[in-house]
Amino acid sequence: GENVEQHPSTLSVQEGDSAVIKCTYSDSASNYFPWYKQELGKRPQLIIDIRSNVGEKKDQRIAVTLNKTAKHFSLHITETQPEDSAVYFCAASRQGFQKLVFGTGTRLLVSP
Amino acid sequence: NAGVTQTPKFRVLKTGQSMTLLCAQDMNHEYMYWYRQDPGMGLRLIHYSVGEGTTAKGEVPDGYNVSRLKKQNFLLGLESAAPSQTSVYFCASNDEGTGVREQYFGPGTRLTVT
């Protein structure tokens with residue numbers, strides 16, 4: 001089955017810096033890669049996703065890149081703000097299978 | 001439109017006790033899921049359902065049972081709770097359709113088994 005690895009487990013940056021979180025997946029048939037943000041004590045919420053027919057997707061300060069050959073994808077956050085502090089989870093899924101396999105999460109701390 | 005709701009929010013059980021967690025969604029979603037979240041482990045799928053009357057096992061199904069008698073509800077049961085089941089439980093749901101769709105999560109249930 002699918003296995004998703006996520007690094008780093010914790011990431012500390014200064015406000016205004018960029019943050020990058022990386023994930024690798026094992027199933028070459030996976031073709032949907034969402035990123036969820038979970039604030040302390042809250043539920044996970046989707047922030048951006050990418051499908052395998054696209055190499056990059058942007059939404060304001062966040063972007064996701066996908067390298068199908070290497071089977072890895074990354075979340076990029078530019079101009080970080082304290083409210084970006086949260087745990088971020090990557091996930092992977094195959095089309096036709098609604099199940100997501102999640103990475104173990106990255107705790108991002110943005111210091112003012 | 002409440003989205004996905006879960007009851008209860010918190011629960012403390014003694015080893016061997018049983019309980020049922022209720023998940024309800026008002027978005028008419030076909031698919032529903034139960035996850036557990038443990039520190040450093042991410043979200044792990046316990047059971048899921050692809051429609052009313054259906055259930056299937058996920059990654060970590062042992063010790064849990066589920067039922068989907070109505071489309072809007074998905075119940076997670078623990079027949080004989082163990083300390084290893086101390087966790088935060090999240091329910092989620094999403095649409096049927098082409099491709100994989102965003103999963104909407106409930107607020108979670110924090111369960112402690114002593």
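Labels below follow one simple rule: chain letters A, B, ... track the order of the sequence lines, proteins then strands, and each chain is numbered from 1. Just so you know, these numbers use all the heavy atoms, side chains as well, and skip hydrogens, waters and symmetry mates. Worth saying up front: this structure is predicted, and the values here are computed from it rather than measured.
- Residues A/Leu46 and A/Val64 do not share a hydrophobic cluster, clusters being chains of Ile/Leu/Val/Met/Phe/Trp/Tyr side chains in contact below 4.5 Å.
- For B/Arg44, the CZ atom sits in a packed shell: over 12 heavy atoms of surrounding residues, nucleotides or ligands are nearer than 6.0 Å.
- Contact annotation: the side chain of A/Lys99 never approaches that of B/Glu59 to less than 4.5 Å [non-hydrogen atoms, C-beta and beyond].
- Using a 4.5 Å cut-off between heavy atoms, B/Phe105 touches chain A through backbone and side chain atoms alike.
- When the shell of 6.0 Å around CD of A/Gln60 is examined, it contains 12 or fewer heavy atoms from other residues, nucleotides or ligands.
- Both the backbone and the side chain of A/Pro44 come within contact range of chain B, with heavy atoms under 4.5 Å apart.
- In terms of heavy-atom proximity, A/Arg43 sits nearest to B/Gly106 at CB-O, 3.1 Å.
- Within 6.0 Å of the CD atom in B/Glu52, the count of heavy atoms belonging to other residues, nucleotides or ligands exceeds 12.
- Residues B/Gln37 and A/Phe102 have side chains not in contact (no heavy-atom distance under 4.5 Å, counting atoms from C-beta outward).
- Transitive grouping of hydrophobic side chains (ILVMFWY, heavy atoms separated by less than 4.5 Å) brings B/Tyr64 and B/Leu13 into a common cluster.
- In this structure, B/Lys71 places its NZ atom where more than 12 heavy-atom neighbours from other residues, nucleotides or ligands lie under 6.0 Å away.
- Contacts between B/Tyr35 and chain A at a heavy-atom distance below 4.5 Å involve the side chain alone, from C-beta outward.
- Atoms CG and CG, from B/Asn94 and A/Leu100 in turn, are 7.5 Å apart once rounded to the nearest 0.5 Å.
- A/Leu75 and A/Val20 fall into different hydrophobic clusters, where Ile, Leu, Val, Met, Phe, Trp and Tyr are joined by side-chain heavy atoms under 4.5 Å apart, directly or via other members.
- For the set B/Ala92, B/Ala56, B/Gly40, B/Gly108, the count of heavy-atom pairs under 4.5 angstrom toward chain A peaks at B/Gly40.
- Put simply, the side chain of A/Tyr36 gets close to the backbone of B/Gln103: a donor and an acceptor are under 3.5 Å apart.
- For A/Gln38, the part sitting under 4.5 Å from any heavy atom of chain B is the side chain, from C-beta outward, and nothing else.
- At most 12 heavy atoms of other shown residues, nucleotides or ligands fall within 6.0 angstrom of atom CD in B/Glu79.
- With a 4.5 Å cut-off on non-hydrogen atoms, B/Leu45 touches chain A through its side chain but not through its backbone.
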